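The block underneath contains the structure these notes are about, expressed in structure tokens.
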Amino acid sequence: MKKIEAIIKPFKLDEVKEALAKQGIAGMTVSEVKGFGRQKGHTELYRGAEYVVDFLPKIKIELLISDEQAGVATETIIAAAKTGRIGDGKLFVLPVDDAVRIRTGERGDGAV
């Protein structure tokens, strides 16, 4: 199994969700997060005063899927989330040793 963590722009969430659904990938956890990458935020002007916005709002999507679906899910998320501009986000694929469905005690792929 693999865990995919994708950090994307907030307005891209619906597109990513719909693209994954078309691929038959269901079930995800979504969190509102804040952060910055190489651009280290940006400055804005408010009522004549300049201030630095260090942490930009982002969306973090987490998926737990089979090894076979990992490549499709990764490419689907990248295609749906890409704008071509700075701050499009990052995607991480991590190995998962085990998963347990708490209600039934199922383990492995059956728990997902």
Side-chain angles (χ1 to χ4, degrees):
M1 286 179 295
K2 301 285 186 198
K3 179 179 182 183
I4 296 177
E5 293 183 4
I7 299 172
I8 63 171
K9 292 184 175 185
F11 66 88
K12 286 293 198 172
L13 176 59
D14 286 336
E15 288 179 47
V16 170
K17 183 181 77 167
E18 290 169 11
L20 287 169
K22 285 180 183 174
Q23 295 295 329
I25 299 169
M28 67 177 69
T29 301
V30 177
S31 307
E32 292 181 13
V33 296
K34 291 183 180 186
F36 64 89
R38 289 186 189 153
Q39 78 268 23
K40 298 181 178 77
H42 64 277
T43 58
E44 288 189 4
L45 196 61
Y46 179 73
R47 293 189 178 183
E50 244 186 48
Y51 66 98
V52 177
V53 178
D54 289 335
F55 294 102
L56 303 172
K58 299 287 183 178
I59 295 291
K60 181 178 180 181
I61 300 171
E62 297 173 277
L63 303 171
L64 191 62
I65 58 175
S66 66
D67 290 337
E68 296 79 35
Q69 290 181 307
V72 172
T74 299
E75 294 306 317
T76 301
I77 292 169
I78 291 169
K82 185 175 183 176
T83 67
R85 294 194 170 101
I86 291 175
D88 273 353
K90 297 276 191 286
L91 187 137
F92 308 99
V93 181
L94 309 161
V96 175
D97 293 333
D98 198 9
V100 180
R101 185 183 307 257
I102 295 172
R103 179 176 53 88
T104 63
E106 288 176 273
R107 290 185 169 274
D109 286 336
V112 179

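Bear in mind the structure is a predicted one, so any value in this text is a computation, not a measurement.
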For [X], check side chain to side chain donor-acceptor pair (under 3.5 Å) against everything at least two apart and list the hits.
X     : value
Glu68 : Ser66
Thr83 : Asp88
Lys3  : Glu5, Glu62

Quick check: is [Y] connected to [X] through a chain of hydrophobic side chains (ILVMFWY, heavy atoms under 4.5 Å apart)?
X     : Y     : value
Leu13 : Leu56 : no
Met28 : Ile8  : yes
Leu64 : Ile59 : no
Val30 : Ile4  : yes

| message | Do Lys9 and Lys58 make a side-chain contact, defined as non-hydrogen atoms from C-beta onward lying under 4.5 Å apart? | response | yes
Could you give the side-chain donor-acceptor pairs of residues 14-25 under 3.5 Å, partners two or more places apart or in another chain?
from  : atom 1 : to    : atom 2 : distance (Å)
Glu15 : OE1    : Lys12 : NZ     : 3.1

| query | If you link I, L, V, M, F, W and Y whenever their side-chain heavy atoms are under 4.5 Å apart, who else ends up in the same group as Leu94? | reply | none
| field | Remaining members of the apolar cluster that contains Ile7, side-chain heavy atoms under 4.5 Å | value | Phe92
Sequence neighbours left out, cut at 3.5 Å: what donor-acceptor pairs do the side chains of residues 105-112 make with other protein atoms?
from   : atom 1 : to     : atom 2 : distance (Å)
Glu106 : OE1    : Arg101 : NE     : 3.1
Glu106 : OE1    : Thr104 : OG1    : 3.1
Arg107 : NH1    : Asp98  : OD2    : 2.4

| remark: Minimal heavy-atom distance between Gly27 and Leu63, with the atoms involved, is O-CD2, 3.3 Å
I'd like a table of donor-acceptor pairs (distance under 3.5 Å, sequence neighbours excluded) in which one partner is a side-chain atom from residues 73-80, with atom names and distances.
from  : atom 1 : to    : atom 2 : distance (Å)
Thr74 : OG1    : Ala70 : O      : 2.8
Thr76 : OG1    : Val72 : O      : 2.7

| said: Asp67: which residues meet the side-chain contact (heavy atoms from CB on, under 4.5 Å) condition with it, sequence neighbours left out? | reply: Lys2
